[in-house]
2 protein chains.
Amino acid sequence: MANATLKKIAQVLEISVSTVSRALKDHPDISAGTKQKVMELAETLEYEPNAVAVNLRSKSTKVFGVMIPSITNNFYDSFVNAVEEEVKKAGYSLMILQSGDDPVTEIDNLKIYRQNRVSGVFVCLSKETTKIDAFDKMKDAEIPVVFFDKVPDDNAYDRVCLADKDAAEMAAEALLQKQKKNILAIFGNTQLSITKRRLEAFKESMKQNTAVNVSYEFAGNSEEADNIAQRYFQLKQMPDAVFCMSDEILVGLMKCVQQLHIKVPSQTGIIALSDGYFPKIYYPEITYVETSGYRLGKLACERMMECLKGKEETTELFVSSRFVEGGSL
Amino acid sequence: MANATLKKIAQVLEISVSTVSRALKDHPDISAGTKQKVMELAETLEYEPNAVAVNLRSKSTKVFGVMIPSITNNFYDSFVNAVEEEVKKAGYSLMILQSGDDPVTEIDNLKIYRQNRVSGVFVCLSKETTKIDAFDKMKDAEIPVVFFDKVPDDNAYDRVCLADKDAAEMAAEALLQKQKKNILAIFGNTQLSITKRRLEAFKESMKQNTAVNVSYEFAGNSEEADNIAQRYFQLKQMPDAVFCMSDEILVGLMKCVQQLHIKVPSQTGIIALSDGYFPKIYYPEITYVETSGYRLGKLACERMMECLKGKEETTELFVSSRFVEGGSL
DNA sequence: GTGAAAGCGCTAACAA
DNA sequence: TTGTTAGCGCTTTCAC
């Protein structure tokens, strides 16, 4: 008999609902005998508490929202994976909503989260988002928001980010170390703060050695990266190394490498910033600086949990980077 | 002022809660004047209905569960993407839970879905699941379940699947058409029904031409596929074509192809069953038979919606396959 | 040790 | 046209 309620159990046993409730929670007030009977009946009736009712009563759902531009993206997947894994331990579930990189959808989604009274929201801003006042409503509703990856500039918000600066620097250092002289550096959409940070740090590191020639290019997707690479590798003076800011760009570059039969690393070296999956599908495996969505997820959870137990100030936290040697540089 | 309730509005306006409720719903009974006042106050108070309360009252949440082995998987992503897109139109949200291919977690997750009174659940069984009686509890709770991809054999359940048989046949036909004589066919985990179906159909098609030599191999992941390919491509009689049952296997094969500098399609042809992303990251692009997670998602939604409005019998539905020409065969 | 009652926020049948 | 009442399932204070 499914959908048993406290009431039903109470009726059968001819005791009150509150006693049943307490018995099921193993409350000290209740006699062993009563507990026994209640537990048993609950068992046979397959009683399962109605979370909706509990939530209404307690004014708190055990659900976190996660908003990402798109779920079909390796990096966000890793993030979500980590978060799901982590919050489950505390009995939470996830409500995942995609913004599709659309600020309007983003705002709609926030509304859904508010109406569902989620306990908190993890947000990666859409590419197009410029105004973030919509998030103030979450404050009013007392729903903590932890931004990740694409975060607002405003210090008034909690943010966890990749150590973009460190990562870009590490990659740049590696290139210099290998004495590369003619580098093609492909970055993503310049609108994104993530691109800006990586670009700036990379450029800064490159200043150390003025004898190095670096060409900066920008690709919005894999295909554009492919096209850019095509152009450069048909020059008589081929790049002797390529830096890829992201997996998307790496994938585009590698298609070009395959097409033009470029030997890696003898003809050209390659280094990327990556979550780690794509570098391993090529031969030789690509040397990369890890920017882990998984670790970012864990960090975001930690921060969220702090927010829940009365946070103090907002913070910006970073996930450290890690150099992973492949055979491509 | 956030967290306004009907009660607050009612108090301010000195009218009853039910009038407020009706006014907000634009109920015909309510006078224009009252509606006006209520609407305005609701606006300024930033009233937003409490979904939890509504759910409790209506005994129906606007949430679907989606259970997949892992979210870090292209195919399931596409599926989830399609489902999210589709159900959003009807005002539903998704609660995604991963089973991690663990039957115990699977059962725990079902419990979470039941307790949260989701409106329905989309389930892809874990690799390890053998007994499915846990799903009967969902029936008792009157929560419709639509299985997808990895589905139970039992006809008593609603299922949407890829047309594995068709897809494998199409690939086999293409190989025969191209006069391939020495084919390496790599399949996945033989425990999975999906593997069985694809394997059986492929073998059946191959029977048409007994002059063709086919080697059947099985790989549980990309690395194993790579190793198998390594072995075959170091034989003096190299395969003149390779069939990959899945993206995972294709990725492994391609790593080997890169390592051994095998020319595609001149030295060996390649054909795969795939969702479509991975075939396009290689050069030449891989010829594949599309097994679309996205379309599967759409179909699953259709079926779910039917279930919600009182279904009749359970069905097994299939997403048709599509041959996509790359340059690899 | 147990029960009665109130209330979380909302809806809807029934009254007025 | 509006209000009253009851109740969704649960928890918890207060009384006995």
Side-chain angles (χ1 to χ4, degrees), chain A residues 1-39 41-42 45-63 91 114-119 141-143, chain B residues 1-39 41-42 45-63 91 114-119 141-143:
Chain A
M1 152 77 100
N3 286 335
T5 63
L6 294 187
K7 199 174 167 185
K8 269 186 204 159
I9 297 181
Q11 281 167 349
V12 174
L13 259 31
E14 293 183 311
I15 55 178
S16 78
V17 176
S18 43
T19 303
V20 177
S21 173
R22 281 179 283 223
L24 253 13
K25 303 199 121 48
D26 205 16
H27 191 106
D29 275 1
I30 306 298
S31 74
T34 308
K35 275 183 193 169
Q36 172 84 0
K37 278 191 293 183
V38 172
M39 300 278 202
L41 186 57
L45 255 37
E46 297 191 314
Y47 169 78
E48 293 189 332
N50 182 330
V52 180
V54 174
N55 291 341
L56 178 61
R57 178 80 236 262
S58 66
K59 287 168 158 262
S60 117
T61 59
K62 286 287 214 175
V63 176
R114 263 182 270 121
Q115 298 193 352
N116 281 282
R117 301 297 192 266
V118 295
S119 300
E142 296 184 314
I143 298 176
Chain B
M1 149 77 101
N3 286 336
T5 63
L6 294 186
K7 200 173 167 186
K8 271 187 203 159
I9 297 181
Q11 282 166 347
V12 175
L13 261 29
E14 294 185 307
I15 55 178
S16 79
V17 176
S18 47
T19 302
V20 177
S21 172
R22 281 179 284 222
L24 253 13
K25 302 199 121 50
D26 205 16
H27 192 106
D29 276 0
I30 306 298
S31 73
T34 310
K35 273 183 193 168
Q36 173 83 0
K37 278 190 293 184
V38 172
M39 300 277 202
L41 186 58
L45 255 39
E46 297 191 313
Y47 169 77
E48 292 188 331
N50 182 330
V52 180
V54 174
N55 291 342
L56 178 60
R57 179 79 238 261
S58 66
K59 287 168 159 261
S60 119
T61 60
K62 286 287 212 174
V63 176
R114 262 181 272 124
Q115 299 193 351
N116 282 282
R117 302 297 194 264
V118 297
S119 300
E142 296 185 314
I143 298 176

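Letters go in sequence order (proteins before strands), and every chain restarts at 1.
- The NZ-P distance, from K8(B) to dC8(C), rounds to 11 Å in whole Å.
- Distance from the side chain of Y47(B) is smallest to dC10(C) among dC10(C), dT2(D), dC10(D).
- Near-neighbour residues of DNA chain D inside residues 19-26 of chain B, defined by a heavy atom below 4.0 Å, number-ordered: T19(B), R22(B).
- Contact between the side-chain N/O atoms of K59(B) and the OP1/OP2 oxygens of dG9(D) is found at a separation under 4.0 Å.
- At the phosphate of dC10(C), neither OP1 nor OP2 sits under 4.0 Å from any side-chain N or O atom of S58(B).
- Summarising the geometry, atom CZ belonging to R117(A) is positioned 9.5 Å from atom OG1 belonging to T61(A); distances are rounded to the nearest 0.5 Å.
- In the set dA4(C), dT2(D), dC10(C), the nucleotide with an atom closest to the side chain of V54(B) is dC10(C).
- The separation between L13(A) atom CG and dG1(C) atom P is 18 Å, rounded to whole Å.
- Residue K7(A) places at least one side-chain N or O closer than 4.0 Å to OP1 or OP2 of dC8(D).
- For S18(B) and dA12(C), the shortest distance from a side-chain N or O to OP1 or OP2 is not below 4.0 Å.
- Remark: K37(A) NZ to T19(A) OG1 distance equals 10.5 Å, nearest 0.5 Å.
- In this structure, Q115(A) atom CD and dC10(C) atom C1' are separated by 13 Å, rounded to whole Å.
- Between the C1' atom of dT1(D) and the CD atom of Q36(B) lies a distance of 17 Å, rounded to the nearest Å.
- Closest heavy-atom contact between I30(B) and A23(B): CG1-N, 3.9 Å.
- Listed candidates were dC10(D), dC10(C), dG3(D). Nearest to the side chain of I15(B) is dG3(D).
- When the side chain to side chain contact (heavy atoms under 4.5 Å, CB included) test is applied to S31(A), the partners found at least two apart in sequence or on another chain are T34(A).
- Of the candidates dC10(C), dT1(D), dG3(C), dC10(C) carries the atom nearest the N50(B) side chain, counting heavy atoms from C-beta on.
- Comparing atom distances between the P49(A) side chain and each of dG9(D), dT2(C), dC10(D) picks out dC10(D) as nearest.
- V17(B) comes within contact range of at least one nucleobase, with a heavy-atom separation under 4.0 Å.
- Taking every heavy atom of both residues into account, S21(B) and L6(B) meet most closely at CB-CD1, 3.8 Å.
- D26(A) and K35(A) are joined by a salt bridge, as a carboxylate oxygen and a charged side-chain nitrogen come within less than 4.0 angstrom of each other.
- Residue contacts shown for D29(B) include a base, since a base heavy atom lies under 4.0 Å away.
- Residue S16(A) has its side chain nearest to dG3(C) when only dG3(D), dG9(D), dG3(C) are considered.
- To the nearest 0.5 Å, atoms CG (N116(A)) and CG (N50(B)) are separated by 9.0 Å.
- For the pair Q11(B) CD and dG3(D) P, the interatomic distance rounds to 13 Å; values are reported in whole Å.
- Distances shorter than 4.0 Å separate some side-chain N or O of T34(A) from OP1 or OP2 on dT2(C).
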